[in-house]
Amino acid sequence: NQVKNATVIRFKENQGVAKGKNAGLQEALKNSSLQYVVFLDNDVILPERWLAKMREIMDTHPDVGILSPISRLSLMQSKQPDTIAKYLMRVSLTELNNTGFGRSSDCDSTDMVDGTCIMVRASVARKIGLFDESFGLYGSEDLDYCFRSRKEGFQVAKASKMFFEH
């Protein structure tokens with residue numbers, strides 16, 4: 001598959017998540033008119049129009065610096081894991097996204113999100129800088145990024161009606 005105007009950055013060997021994200025972030029931020037940067041793991045399944053929906057949320061919530069949809073797994077690990085897990089195993093990802101799991105708000109503030117699928121406001125990335133590579137190959141650089149974003153006054157939020165598989 002080809003993506004219009006995409007730049008591919010390759011490493012000869014695994015450099016770790018933070019280093020890979022930083023290479024992409026540095027390349028993306030060369031574009032001074034850039035509004036958002038998306039970081040997406042290669043094994044994620046997302047609903048139709050997910051990117052447009054994420055952008056709509058960011059456009060209507062200027063205080064949000066980092067936004068992520070909700071993973072089905074995180075719902076299963078919530079307050080009533082047995083009941084919710086049984087339900088979620090029977091419901092398709094499409095149906096879950098169409099119903100919004102009964103939620104009324106499109107965006108809920110949270111302390112942190114994992115970096116599996118995140119949209120970062122470019123102004124936030126410019127202010128807080130790169131991901132911390134000292135966490136190692138598969139560390140907590142995403143949680144640290146959320147913390148630094150919040151420390152600078154930006155909210156971290158979940159797109160509360162959008163769900164994905166990882």
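Index from 1, following the sequence.
Placement of Leu25 and Val17 in two distinct hydrophobic clusters is found when ILVMFWY residues are connected by side-chain heavy-atom separations under 4.5 Å, directly or transitively. Under a hydrophobic-cluster definition in which Ile, Leu, Val, Met, Phe, Trp and Tyr are linked whenever side-chain heavy atoms come within less than 4.5 Å, directly or via other members, Met54 and Val44 are assigned to the same cluster. A continuous path of Ile, Leu, Val, Met, Phe, Trp and Tyr side chains, each step under 4.5 Å between heavy atoms, connects Leu130 with Val156, placing both in one hydrophobic cluster.
Taking CZ from Arg150 and OG from Ser109, the interatomic distance works out to 7.0 Å, rounded to the nearest 0.5 Å. Separation of atoms CD (Gln15) and NZ (Lys21) is listed at 15.5 Å; rounding is to 0.5 Å. A distance of 9.0 Å separates NZ of Lys158 from CG of Asp108, quoted to the nearest 0.5 Å. Between the OH atom of Tyr145 and the CD1 atom of Ile118 there is a distance of 7.5 Å, given to the nearest 0.5 Å. One distance of note links CG of Leu46 with CG of Leu40; it measures 5.5 Å at 0.5 Å rounding. Note that the CD1 atom of Ile66 and the CE atom of Met58 stand 8.0 Å from one another [nearest 0.5 Å].
Listed here is the closest heavy atom pair of Val124 and Gly65: CG2-CA, 3.6 Å. When all heavy atoms are compared, the tightest approach of Met119 to Leu51 is CE-CD1, 3.7 Å. Taking both residues in full, the closest heavy atoms of Phe11 and Ala23 are given as CZ-CB, 3.8 Å, listed atom of the first, atom of the second, then distance. For the pair Cys117 and Ser68, the tightest heavy-atom approach, listed with the atom from each and the gap, is O-OG, 2.9 Å.
Around atom OH of Tyr36, more than 12 heavy atoms belonging to other residues, nucleotides or ligands sit under 6.0 Å away.
Checked by atom type and distance alone, the side chain of Asp144 never pairs as donor or acceptor with a backbone atom of Ser140 at under 3.5 Å. A donor-acceptor pair under 3.5 Å links the side-chain atoms of Arg121 to the main chain of Val64, judged by distance alone. Under the 3.5 Å distance criterion, the side-chain polar atoms of Asp41 are left unmatched by any main-chain donor or acceptor of Asp43.
Here Glu152 pairs with Lys127, Ile128, Phe154 under the side-chain contact (heavy atoms from CB on, under 4.5 Å) rule; sequence neighbours left out. For Leu34, the side-chain contact (heavy atoms from CB on, under 4.5 Å) partners are Ala28, Leu29, Asn31, Val37, Ala122, Arg126, not counting sequence neighbours.
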Evaluation steps, side chain to side chain contact (heavy atoms under 4.5 Å, CB included), between His61 and Glu56: CA-CA 9 Å; His61 297 274; Glu56 286 171 20; over 6 Å; no

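Taking the side chain as every heavy atom from C-beta outward, Val113 and Cys146 approach each other to under 4.5 Å. The side-chain heavy atoms of Arg10 and Val8, taken from C-beta on, include a pair separated by under 4.5 Å. Residues Trp50 and Val38 are in side-chain contact: their nearest non-hydrogen atoms beyond the backbone lie under 4.5 Å apart.
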